[in-house]
Amino acid sequence: MIAAPGSGKTFMAVERFGVLRFNHHEHDHRGIAAVSFARSASDELLMRIRRRWGAQAVRWPNRVSTFDELHRSVLRHLLGRGLLTWPNHHINLQVKDSWGRTPGSASRVGRGRPWLTIDIDDGKICIVERTEGRRPGVVFVKRKLYEEQLGAGICTHDEVRAALAAALGADQAEIRQAICSFLGTSYSHLVVDEIYDLNELDLELLCACDDAGVGLSMLGDPWQTIYEFRGSRPDLVKSFAEDRKFVKHEVIGSHRYKSEEMQDLATRLVEGGTFSIRAAEPGRIPTVLLARRWSPLWDQTELPVIPGGCGRLDQSSPNSAAFVLLLNEVTTDLFDIAVTGFGEAQIALRWDGDRGALREAREALVSGGTPGDIWELLHALESSGREWPAPKATAVHHLERLITVLNGGQGPILGLSVHQAKGLQWPHVDVLDPAQAYVNYQLNQESAEDRLLYVALTRAERSVRLRPMHFGYRWNYRPPGS
């Protein structure tokens with residue numbers, strides 16, 4: 001199902017799940033699974049399925065999960081069958097989101113320098129060096145320290161994906177048959193959300209599902225493919241759907257747009273026609289401000305913006321990680337939005353979940369506390385009592401900006417990256433862009449920058465405007481028809 005923005009894609013995924021669960025497959029011993037690319041998307045699916053169909057809809061063997069969790073269960077099956085062997089014969093792995101703050105890990109590796117990952121040699125997990133391909137944000141460069149983690153049964157989702165990719169790439173019929181058998185006996189149907197964000201490994205698992213007779217319902221929008229940096233392959237998704245002869249449905253209508261302006265813009269964007277976007281009028285206060293990267297949001301002085309992330313803030317620094325936790329406290333309180341990087345910051349700081357120090361720092365933000373007072377309060381987040389280094393300049397700048405906005409007397413405005421805003425909507429949206437306006441502009445679906453702009457422009461229910469910026473990035477302008 002190819003669904004336009006605001007057409008009710010999540011609603012349709014929820015309905016499809018329930019109909020399959022309680023009608024077509026009610027007496028099947030296998031489960032119905034709904035899977036999505038991002039954790040936030042799967043959490044939203046789970047919440048809405050429970051609300052619509054009740055908690056019994058997702059009781060075992062039914063599930064709602066990310067593809068990472070599906071990968072993990074497949075790898076565990078292969079380890080349990082003895083088709084793959086983890087160091088020290090571990091089967092139940094402790095899988096982290098990131099190696100952040102793990103002793104021996106590094107977030108900065110010089111260009112061209114190798115980092116360590118895993119491969120398979122005769123069915124056994126082994127350590128190899130890589131210098132090319134996508135490098136995770138935090139890696140190991142010393143073999144002994146990496147071996148210690150793997151030997152203790154600890155890894156990240158990157159290792160899980162690497163192991164499965166190597167297993168499937170080894171061309172071993174027994175492994176592929178075991179994967180097909182596991183999926184075919186576990187699930188009768190998969191409902192796949194955001195299908196165009198999937199990578200090669202995700203699609204390999206869908207091929208295995210199809211080969212095993214597992215039903216597939218896939219929903220997405222090729223215009224909203226914006227995760228190439230994580231390996232998404234919309235071209236392979238299209239080929240997969242065509243080769244496997246899926247029935248295609250297009251849902252063009254939208255329930256999101258509540259003004260003639262936005263209805264006309266959405267129609268032009270979906271049809272690939274030309275469109276125009278005006279600059280923000282003087283005095284305009286949007287509901288949310290969007291940008292391609294985080295840094296322009298932190299330097300925005302026209303509006304009282306509180307960004308929902310910090311971009312390249314070095315979370316290996318305890319001060320920086322602590323600031324991310326504090327920022328999350330603010331954004332969840334004011335906007336019910338979790339900060340990007342919250343999980344990594346929690347791991348980096350080894351935070352135990354006690355929010356006492358965060359509440360005190362939050363209170364200090366709005367009661368005249370100085371930056372020094374707030375950093376001191378944040379130090380209590382780590383129970384070891386060790387001395388922290390001085391905060392990095394970027395973290396200092398962000399904290400000062402946060403204090404200024406919260407004490408400025410104006411209601412704060414949420415600032416998000418376009419990636420974080422995907423799937424969400426607000427009444428009035430402004431987009432940071434060096435262009436003063438777009439006149440008779442036309443988007444190209446093959447351009448990653450144009451797809452990002454498409455997502456940004458389709459978040460608004462009533463109006464969208466451009467807010468000029470004078471540094472940073474620009475969308476790639478290309479005259480219509482060129």
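Throughout, numbering of the chain's residues begins at 1 and tracks the sequence.
Contact annotation: the side chain of F323 never approaches that of V396 to less than 4.5 Å [non-hydrogen atoms, C-beta and beyond]. The shortest side-chain heavy-atom distance between L416 and P307 does not fall under the 4.5 Å cut-off. The closest side-chain heavy-atom distance from C310 to H398 is below 4.5 Å. Side-chain atoms of T287 and I413, non-hydrogen and from C-beta on, never get closer than 4.5 Å to each other. Between C155 and L150, some side-chain heavy-atom pair lies under the 4.5 Å cut-off. With contacts defined as side-chain heavy-atom distances shorter than 4.5 Å, the pair H157/H71 does not qualify. With contacts defined as side-chain heavy-atom distances shorter than 4.5 Å, the pair V128/I118 does not qualify. A 4.5 Å side-chain heavy-atom check between L198 and V192 finds at least one atom pair inside the cut-off.
In R465, the CZ atom is crowded: over 12 heavy atoms of neighbouring residues, nucleotides or ligands sit closer than 6.0 Å. Applying the 6.0 Å contact sphere to CZ of R256 captures more than 12 heavy atoms from other residues, nucleotides or ligands. The number of heavy atoms from other shown groups lying within 6.0 Å of CG (D333) is above 12. In R284, the CZ atom is crowded: over 12 heavy atoms of neighbouring residues, nucleotides or ligands sit closer than 6.0 Å. Summarising the local packing, NZ of K124 is surrounded by 12 or fewer heavy atoms from other residues, nucleotides or ligands at distances under 6.0 Å.
Rounding to the nearest 0.5 angstrom, the gap separating the CG atom in L399 from the CG atom in L378 is 7.5 Å. The distance from the OG1 atom of T458 to the CE atom of M262 is 7.5 Å, given to the nearest 0.5 Å. Distance check, rounded to the nearest 0.5 Å: CG of N92 to CH2 of W86 gives 12.5 Å. The structure places CZ of F37 at 12.0 Å from CD1 of I195, a figure rounded to the nearest 0.5 Å. The CG atom of L326 sits 8.5 Å away from atom CG of L381, with the distance rounded to the nearest 0.5 Å. In this structure, CG on L75 lies 9.5 Å from CZ on R72, to the nearest 0.5 angstrom.
A donor-acceptor pair under 3.5 Å is formed between the side chain of S447 and the backbone N or O of D450. Formation of a donor-acceptor pair under 3.5 Å by the Q420 side chain with backbone atoms of A338 is found in this model. With hydrogens and angles disregarded, no donor-acceptor distance shorter than 3.5 Å links the side chain of D121 to the backbone of C126. Side-chain atoms of T331 come within 3.5 Å of backbone N or O of I337 as a donor-acceptor pair. Counting only distance, with no hydrogens or angles, the side chain of N328 and the backbone of V339 share a donor-acceptor pair below 3.5 Å. Checked by atom type and distance alone, the side chain of S232 pairs as donor or acceptor with a backbone atom of Y227 at under 3.5 Å. Checking side-chain atoms of H419 against main-chain N and O of I226 turns up a donor-acceptor pair under 3.5 Å. For the pair T332 (side chain) and E329 (backbone), a donor-acceptor distance under 3.5 Å is present. Of the possible polar contacts, one joining the H90 side chain to the G151 backbone as a donor-acceptor pair under 3.5 Å is found. Formation of a donor-acceptor pair under 3.5 Å by the D221 side chain with backbone atoms of W223 is found in this model.
The stretch residues 138-148 participates, sequence neighbours left out, in these side chain to side chain donor-acceptor pair (under 3.5 Å) pairs: Y146-E159. Here salt bridge (charged side-chain N to carboxylate O under 4.0 Å, His left out) pairs that include residues 393-402, with residues two or more places apart or in two chains, number zero.
Summarising the geometry of D158 relative to P136, their closest heavy-atom pair is OD2-CB, 3.4 Å, with the distance given to 0.1 Å. Residues I49 and A34 come closest through the heavy atom pair CD1-CB, 4.4 Å. Between A291 and L432 the shortest heavy-atom distance is CB-CD1, 4.0 Å. The heavy-atom pair separating P103 from F140 by the smallest distance is O-CE2, 3.4 Å. Residues L183 and L205 share a closest heavy-atom pair of CD1-O, 3.8 Å. Residues T102 and S105 come closest through the heavy atom pair O-OG, 2.7 Å.
Look at R48 and E44 and you find a salt bridge, because one of the NZ, NE, NH1 or NH2 atoms lies within 4.0 Å of a carboxylate O, short of that distance. With respect to the salt-bridge test (charged N to carboxylate O, under 4.0 angstrom), the residues E132 and R135 do not qualify. Residues R233 and D202 are not paired through a salt bridge, judged by the lack of any N-O separation under 4.0 Å between the basic side chain and the carboxylate. Taking 4.0 Å as the cut-off between side-chain N and carboxylate O, D430 and R459 do not count as a salt-bridged pair.
Residue S463 forms a side-chain hydrogen bond (donor to acceptor under 3.5 Å, both in side chains) with just one option from R278, H428, K258, and that option is H428.
Ring orientation note: the planes of F342 and W351 are nearly perpendicular, at an angle over 60° on the 30°/60° scale.
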Output side-chain donor-acceptor pairs under 3.5 Å for residues 368-376, partner residues at least two apart or in another chain, one line each.
residue: T370; atom: OG1; partner: D373; partner atom: N; Å: 3.1
residue: T370; atom: OG1; partner: D373; partner atom: OD1; Å: 3.4
residue: T370; atom: OG1; partner: D373; partner atom: OD2; Å: 3.0
residue: D373; atom: OD2; partner: T370; partner atom: N; Å: 3.2

With a cut-off of 3.5 Å and sequence neighbours excluded, list every side-chain donor-acceptor pair involving residues 51-69.
residue: R52; atom: NE; partner: E15; partner atom: OE2; Å: 2.7
residue: R52; atom: NH2; partner: E15; partner atom: OE1; Å: 3.3
residue: W53; atom: NE1; partner: V14; partner atom: O; Å: 3.0
residue: Q56; atom: NE2; partner: W53; partner atom: O; Å: 3.3
residue: N62; atom: OD1; partner: I32; partner atom: N; Å: 2.8
residue: N62; atom: ND2; partner: R59; partner atom: O; Å: 3.0
residue: R63; atom: NH1; partner: Y187; partner atom: OH; Å: 2.9
residue: T66; atom: OG1; partner: D68; partner atom: N; Å: 3.4
residue: T66; atom: OG1; partner: E69; partner atom: N; Å: 3.3
residue: D68; atom: OD1; partner: R161; partner atom: NH1; Å: 2.3
residue: D68; atom: OD2; partner: R161; partner atom: NH1; Å: 3.3
residue: E69; atom: OE1; partner: T66; partner atom: N; Å: 2.9

(request) Could you please spell out the steps behind the side-chain contact (heavy atoms from CB on, under 4.5 Å) verdict for K422 and D197? (result) CA-CA 12 Å; K422 183 180 176 182; D197 286 331; 2.7 Å; yes

(message) Working note: L93 + R76, criterion side-chain contact (heavy atoms from CB on, under 4.5 Å); need CA distance, chi angles, decisive distance, verdict.
(response) CA-CA 8 Å; L93 304 176; R76 178 181 176 180; over 6 Å; no

(message) Let's go through V35 and D193 carefully: what are the C-alpha distance in whole Å and the side-chain angles of both, what is the deciding distance for side-chain contact (heavy atoms from CB on, under 4.5 Å) to 0.1 Å, and is it a yes or a no?
(response) CA-CA 6 Å; V35 291; D193 191 22; over 6 Å; no

(request) Show your working on side-chain contact (heavy atoms from CB on, under 4.5 Å) between Y454 and Q224 and close with a plain yes or no. (result) CA-CA 7 Å; Y454 175 94; Q224 297 188 66; 3.9 Å; yes

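Among residues two or more places apart in sequence or in another chain, the side-chain contact (heavy atoms from CB on, under 4.5 Å) test is passed with I154 by Q94, K96, W99, Q149, A152. Residues that satisfy the side-chain contact (heavy atoms from CB on, under 4.5 Å) test with L334, not counting sequence neighbours, are I306, V330, R362, L406, P412.
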